[in-house]
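Quick note on labels: first sequence line is chain A, next is B, and so on, each numbered from 1. Fair warning: this is a prediction, and the values are worked out from it, not measured in the lab.
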Amino acid sequence: MTTERYNAREVEARWQKVWEDKDVFVTQNDDPRQKYYVLEMFPYPSGRIHMGHVRNYAMGDVVARYKRAKGFNVLHPMGWDAFGMPAENAAMQNKVHPRDWTYENIATMRGQLKSMGLSLDWSREFATCDVEYYTQQQRLFLKFLEGGLVYRKKSKVNWDPVDMTVLANEQVIDGRGWRSGALVEQRDLTQWFFKTSDYSEDLLEALETLDRWPEKVRLMQKNWIGRSEGLRVRFAFSEAAPTGDTSLEIFTTRPDTLFGASFMGLSPDHPISVKLAETNPTLKAFIDECRRVGTSEEAIEKAEKKGIDTGLRVKHPLDDGIELPVYVANFILMDYGTGAIFACPAHDQRDLDFARKYGLPVKPVVLPKDADPASFDIGDEAFTDDGSIFNSGFLNGLSIAEAKEAVAAKLESSTLDGHPQASRQVNFRLRDWGISRQRYWGCPIPVVHCDGCGVVPEKDENLPVELPSDIDFEKPGNPLDRHPTWRDTPCPACGKPAKRETDTMDTFVDSSWYFARFTSPRADQPTDPAAATDWLPVDQYIGGIEHAILHLLYSRFFTRAMQKVGALNLKEPFKGLFTQGMVVHETYKSDDGTWLSPAEITLSETDGTRSAVHAVTGKPVTIGSIEKMSKSKKNTIDPTDIIDSYGADTARWFMLSDSPPDRDVIWTEEGVQGAWRFVQRVWRLIGEIAATTDPKAALPADIDDQVLELRRTTHKTLQAVSNDIETLGFNRAIARIYEFVNAISKVANASERGAGGEFGLREAGTILVQMIAPVMPHLAEESWKVLGHRTLVSETAWPEADPDLLVDDTILMPVQINGKKRGDISVSREASKDAIEAATLELDFVKKTLDGQTPKKVIVVPQRIVNVVV
RNA sequence: GCGGACGUGGCGAAACUGGUAGACGCAAGGGACUUAAAAUCCCUCGACUUCGGUCAUACGGGUUCGAGUCCCGUCGUCCGCACCA
């Protein structure tokens, strides 16, 4: 018989239309079946999808299709993270409106995603720049404001001089803007903040409950939140500071080293430093220098520790005979703790570096185990390990933990100026989330500035505060600020003319609750709480590791905040999280140093050495390292090209087949061709089975051994593949399916089919189609039809493995002698340990080795192995 | 510097709670079919070997009847954080 070659292009378009016409993947909220919410991180509409999207969405689609077959009511939506800078950049460069640019990109990318055959409920689609979406976001903002979760404050901010906007700490990477790459400056501005710090403790503690999150991500968040327990201690000034303060409050996690104190340190931004600088030009110059350098560039250059003695002196809280100098030092951060420290150089490297530079005393107070107190000395390295306290009066002999406790207890109960001298405090590295952005293409912050009433929230009935369409991008800075009329609005409180806020929200706000919006995307409130309660948390969330901190932490905060204002009733949005690896590709460079795309070169191989030449000029090309696909290195592959030439199924199959999903996958032309060959192979095999077996073939009572073996393989494979998909082991599932196809082919190609052959092959073919369906849905539908079904495999229940076929009657067990495999023994499944031992000792090769001796020991692990110890 | 993960053939990788190391795929080599090519099918494919075996999961030790898997140390690669007191 002849089978036509599988025509992916024609077949895929056809089935996509069937699914769409029949609303196969539209999800109803009132469907009574158990719900399953699978979500992939929604894309930024940059213009075209890339291979990373293909991989991400292929994984989610496998889960969605599998769970649907398992009988769940599956929610699998898609939308667009559509606000952000690139749209404004495009507007400036190409004179196209950000809105038009964005929606055009969305249209293109929607088409590309549809060509992938994803089982998405497109009826729930939205973009975060849709007025309907950001209206609800403004509503949420106002609820947060009312609930005390939003505030304004003047703060030193990270200013990106290229994008001309403020960046969150998290958006500053190595001192540069995460998007522009420009060196970030420090500026003082009044900004809007979300009170993420209200939830520091809870965000940290609840990480423990996220047992279906990667350990790595939980650890990264834990470190980011950065909880530390310590003591706030006030040191009395010998003479009052110029600010009028009579004491200096510091935060320390090492009160046990208090007797090792050598000096005090103030941040250059500390109020006392600032006040002193007014009359001290040297100090002023120093502070200015610190600000110029900025917190970040310092890190790059590992700036030297520097400081200036203020002349102020404080008294040691445990021994007022000791006076300590107060320095302004460049390494002390204003926004952690109190912006002031006491320095113990012997046990802190930063303090030690500083003390050595300025000749300040270094007194060790923690003695390492087995060290001699008389001779123990600190060199260039601070001692930060465990030990026992010495040189410390009443603390001598205590452990570090005991000494911390003793100091805290003593200073808590002593008073200074009528207040306790110290208090225990838990500090977090996590700051409040600054959300103000001085941009046009974002969600406007719905408040009004009134000369009489101050900052007034816009009234709910006046929402949305809509972005103006007529906008000018000729100049840098915020276009909303210079719009002729948009700012003008009556004050919601007094009705007099007032001005709108021109800051828009950080785009991370948009993505912090979209998963909740999908549960009722057209609701006239941010959420329909009933639908949200039914669907959330997301059962399986899939996305890139690059969002391990920002997006995921913000979403966790937002869920809590929404719970507080009654929009949701849970804390944790994502029950299961999976972070997939990147798609990487070889790089190619011509001899003049420019990058070349895979399409521009020709590869060849001689004697096992691969080489490349320029496809047109024939000039030699250097094959470079394998790197993440990026436009700058030109090592990208356009998914559309692949889908056009091989089909979506091939692309999806290859994306999932080679590497474990959390690891990077290398895109190779050979690999895609392998996947393509497999598509054809399945197609031929199904065609042959369909042509040579009767759908109504019965299962005879006695079946041929080879057929029984095939049936066993079928059901064992089904069992294993199901398990692999459940655990997201797509590469394992695919390897098993390859094996399975090899096994079916063997029977299908056998010169004669034994009894039950038709039934066995039908069964194998049918289950094969069902197993490939989540990964290669189009090929599966087409094959399903060829096998004679009138239904859709997309709407067919997942098959059940027959338990009787999962266990073998006889088991082939390896036999080891002294831990080395020497042969096998075939035993019945029910054989007892003793019987197996006896049978083993009768084996020729065992007898030969034993040579009449009795073995020391025979270890029989049922179903596993026999080990004879001689 | 601190924290974490990982290290298996020419390559991507399998190996569930310690139990036959290298499944499956890619590449490579040989063969069949063909005028030829493509496609397809079959065979070989960790190293050494006196063809009995021996050695092999980064390296060195240890625990165990048995270690890729557990423990200690060394080296290497990757990732996150980075003056957080």
Side-chain angles (χ1 to χ4, degrees), chain A residues 5 174 214-217 219-224 226-228 230-231 250-254 257 265 267 295-296 298-300 302-303 305 329-333 335-344 347-351 353-354 381 384 427-431 545-546 548-549 605 607-610 626 654 657-660 662-666 668-675 677-678 680-681 684 720 723 727 729 731-742 745 749 812-824 855-859 861 863-870:
Chain A
R5 228 170 134 69
D174 287 340
E215 188 56 43
K216 181 188 166 89
V217 174
L219 190 69
M220 280 164 73
Q221 293 215 351
K222 186 182 167 200
N223 292 338
W224 189 266
R227 184 183 194 274
S228 62
L231 202 62
I250 58 97
F251 175 75
T252 181
T253 56
R254 293 297 303 272
T257 63
S267 163
T295 53
S296 31
E298 243 180 302
I300 297 164
K302 292 252 172 207
K305 310 263 174 296
N330 64 347
F331 65 94
I332 299 163
L333 305 172
D335 50 2
Y336 187 79
T338 64
I341 60 157
F342 88 83
C344 175
H347 305 293
D348 183 292
Q349 192 58 46
R350 296 157 301 181
D351 298 349
D353 295 345
F354 192 89
E381 246 177 79
T384 53
N427 236 321
F428 293 92
R429 208 185 82 111
L430 180 69
R431 314 286 155 76
I545 185 77
E546 67 272 21
I549 297 172
E605 179 164 338
D607 302 330
T609 311
R610 297 171 70 240
I626 294 169
F654 176 55
S657 65
D658 254 25
S659 295
D662 53 345
R663 243 183 264 181
D664 291 350
V665 65
I666 305 171
T668 60
E669 186 61 23
E670 294 79 10
V672 188
Q673 280 168 3
R677 277 198 298 271
F678 182 71
Q680 297 295 347
R681 202 172 156 209
R684 281 193 309 271
N723 185 52
T727 55
N731 59 322
R732 289 195 305 266
I734 285 175
R736 289 199 165 102
I737 292 172
Y738 271 117
E739 255 178 302
F740 183 41
V741 168
N742 290 342
S745 301
N749 298 336
L812 194 66
M813 287 171 78
V815 177
Q816 295 181 331
I817 292 170
N818 289 335
K820 282 190 180 160
K821 193 200 163 189
R822 287 296 129 100
D824 297 294
K856 257 192 207 146
K857 206 169 171 186
V858 179
I859 292 147
V861 184
Q863 323 268 318
R864 286 268 180 208
I865 205 162
V866 184
N867 190 7
V868 181
V869 185
V870 184

Kindly say if A:Asn731 contacts the phosphate of B:A14, meaning a side-chain N or O under 4.0 Å from OP1 or OP2. yes

Given the 90°-from-0 boundary between syn and anti, B:G12 should be labelled anti

Taking for A:Thr668 and for A:Ile332 the nucleotide of RNA chain B with the nearest heavy atom, the one nearer the 5' end belongs to A:Thr668

Start with the C-alpha distance between A:Cys344 and A:Asp348, add both sets of side-chain angles, then the distance that settles side-chain contact (heavy atoms from CB on, under 4.5 Å), and finish with yes or no. CA-CA 6 Å; A:Cys344 175; A:Asp348 183 292; 5.6 Å; no

Here the distance between atom P of B:C41 and atom CZ of A:Arg681, to the nearest Å, is 6 Å

Do you know which two heavy atoms are closest between A:Phe331 and A:Phe354, and how far apart they sit? CE2-CD1, 3.5 Å

Check the phosphate of B:G25 against A:Arg677, side-chain N and O only, distance under 4.0 Å to OP1 or OP2. Yes or no? no

Base orientation of B:G9, syn vs anti, 90° cut from 0: syn

Give me the distance, rounded to whole Å, that separates B:G60 from B:C65 when you measure between the C1' atoms they each carry. 24 Å

A:Asn749 CG - B:C42 C1' separation (whole Å): 11 Å

Starting from C1' on B:G80, measure out to CD on A:Gln221 and report it in whole angstrom. 12 Å

Nearest-Å distance for atom pair CD/C1', residues A:Glu215 and B:G3: 12 Å

Quickly work out the A:Asn867 CG to B:C65 C1' distance and round it to whole Å. 5 Å

Rounded to whole Å, the CZ-P distance (A:Phe678 to B:G12) equals 23 Å

The correct list of stems in which RNA chain B takes part (3 or more consecutive Watson-Crick or G-U pairs, distances under 3.5 Å) is B:1-7 with B:75-81, B:10-12 with B:24-26, B:28-32 with B:40-44, B:46-48 with B:53-55, B:58-62 with B:70-74

A:Arg736 vs B:A23: side-chain N/O to OP1/OP2 distance below 4.0 Å: no

Rounded to the nearest Å, what distance is computed from the CD1 atom of residue A:Ile865 to the P atom of nucleotide B:A15? 18 Å

Return no unless some side-chain N or O of A:Tyr738 is found under 4.0 Å from OP1 or OP2 of B:G25. no

Non-neighbouring partners of A:Glu739 that pass side chain to side chain donor-acceptor pair (under 3.5 Å), sequence neighbours left out: none

May I ask you to evaluate whether A:Ser228 reaches the phosphate of B:A85, defined as a side-chain N or O under 4.0 Å from OP1 or OP2? yes

Taking only N and O in the side chain of A:Arg663, is any of them less than 4.0 Å away from OP1 or OP2 of B:C78? no

Tell me the interatomic distance from A:Lys216, atom NZ, to B:C81, atom P, rounded to whole angstroms. 10 Å

If you assign each of A:Gly819 and A:Ile734 to its closest nucleotide in RNA chain B, which residue comes earlier from the 5' end? A:Ile734

Partner residues of A:Asn742 under the side chain to side chain donor-acceptor pair (under 3.5 Å) criterion, sequence neighbours left out: A:Arg681

